[in-house]
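Everything below concerns the one structure shown next.
Per chain, numbering begins at 1; letters A, B, ... match sequence-line order. Side chains included, hydrogens not; waters and symmetry mates left out as well; all remaining heavy atoms used.
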Amino acid sequence: MSFWLMKTEPDVFSWSDLERSPNSTASWDGVRNYQARNFMRDEFKLNDLVFIYHSRVEPPAIVGIAQVVREAYPDLSALDPNSKYSDEKSIRDGVSRWVMVDVKAVARLPKEVSLSQLRETVGLEQMLVTRPGQRLSVQPVRPSEWAIICHMGGLGEYPGGNPAHP
DNA sequence: GCCAACGTTGGC
DNA sequence: GCCAACGTTGGC
C-alpha cells in the first residue's frame with residue numbers, strides 16, 4: 001500500500017464536501033497535470049491512503065485521510081462541455097487522456113496539520129508540499145512521513161493500519 | 001525543439 | 001488580491 005497527498009481548494013471542493021458525498025465517496029476529477037495524472041493512473045492502487053490538503057486558505061493544512069476505492073478511469077468531466085474541467089482536446093475515440101480516481105473519506109484529523117507545522121517538523125524536510133513554488137497537486141508521501149503526520153494530527157498509531165480502528 | 005507569451009497555482 | 005513560480009502553448 002502506498003501513501004499520497006492531494007491538494008484541493010476548499011472553496012471548490014473541501015474535506016467536508018467529501019464527507020457529505022454519497023457514501024463519503026467522490027470522484028477526484030479535474031486533475032490537468034501530467035505528472036499528477038501519471039501518479040493516479042499508474043501508481044494509485046485500491047486501498048492506498050491519501051492525505052487531503054487544503055490550499056489557498058489560511059492556514060494551508062492537511063485536514064483528513066481518504067482511501068482509494070476505485071482506481072484510475074477516464075475523467076468524465078473532460079467530456080462535459082458545461083464543466084469547468086471540460087477539455088475537448090484531451091478526447092480521443094470518445095475517451096479523455098485525463099483520469100480520475102474515487103476516494104472515500106475515512107478519518108478527519110482531530111488536529112489539522114498546517115503547512116508551517118510541516119515545515120518545522122524534523123523528518124518532513126523532503127516533502128514536496130513544503131517546497132516554495134511546488135504546485136504538484138498529487139504527491140507521493142513516504143511511510144515515515146505518513147506516520148509522523150498522523151501522530152501530529154492526533155491519530156496515534158494510525159499509519160498503514162486498519163482504517164476502521166484508528 | 002526553442003522559448004516568449006500566456007494562464008494557473010497557491011502562499012502570503 | 002497580489003504576484004512569483006511554474007507548466008503549457010504555439011509560432012517559428
Answer yes or no: does a side-chain N or O of Arg119(A) lie under 4.0 Å from OP1 or OP2 of dC12(B)?
yes

Under 4.5 Å between side-chain heavy atoms, hopping through other hydrophobics if needed: is there a path connecting Val50(A) to Leu136(A)?
yes

Taking only the side-chain nitrogens and oxygens of Tyr53(A), find out if one of them lies under 4.0 Å from OP1 or OP2 of dT9(B).
no

Whole-Å distance, Leu136(A) CG to dA5(C) C1', equals 14 Å

Report yes if some heavy atom in the side chain of Trp146(A) is under 4.5 Å from a heavy atom in the side chain of Phe51(A); otherwise report no.
yes

Rounding to an integer number of Å, can you tell me how far Arg32(A) CZ sits from dT8(B) P?
13 Å

To the nearest Å, how far apart are Gln35(A) CD and dT9(B) C1'?
15 Å

Can you measure His54(A) atom NE2 to dG11(B) atom P for me and round it to whole angstrom units?
12 Å

hydrophobic_cluster_shared for Leu18(A) and Phe44(A), side chain cutoff 4.5 Å
yes

Whole-Å distance separating the NZ atom of Lys7(A) from the C1' atom of dT9(B)
8 Å

Give the residues of residues 123-131 of chain A touching DNA chain B, defined as any heavy atom closer than 4.0 Å, sorted by residue number.
none

Closest to side chain of Leu115(A), choosing from dC12(B), dT9(C), dT9(B):
dC12(B)

Does a distance-only test, which skips hydrogens and angles, find a donor-acceptor pair under 3.5 Å between the side chain of Arg135(A) and the base of dT8(B)?
yes

Is there a chain of hydrophobic side chains (I, L, V, M, F, W, Y, each step under 4.5 Å between heavy atoms) that links Leu155(A) to Val141(A)?
yes

Interatomic distance, Glu58(A) CD vs dG1(C) C1' [rounded to whole Å]
14 Å

For Gln139(A) and dT9(B), what is the distance between atoms CD and P respectively, to the nearest whole Å?
15 Å

Over all atoms of both residues, closest heavy-atom pair of Asn47(A) and Met1(A)
O-SD, 3.1 Å

Interatomic spacing from OG in Ser137(A) to CD in Gln35(A) - rounded to 0.5 Å
9.5 Å

Let's see if you can work this out: which of dG11(B), dT9(C), dT8(C) has an atom nearest to the side-chain heavy atoms of Tyr34(A)?
dT8(C)

Separation of dT8(B) P from Asp11(A) CG (nearest whole Å)
17 Å

Near-ring test Trp15(A)/Tyr53(A), centroid separation under 6.0 angstrom:
no

Nearest-neighbour nucleotide for the Lys89(A) side chain, dT8(C), dC12(B), dT9(C) considered:
dT9(C)

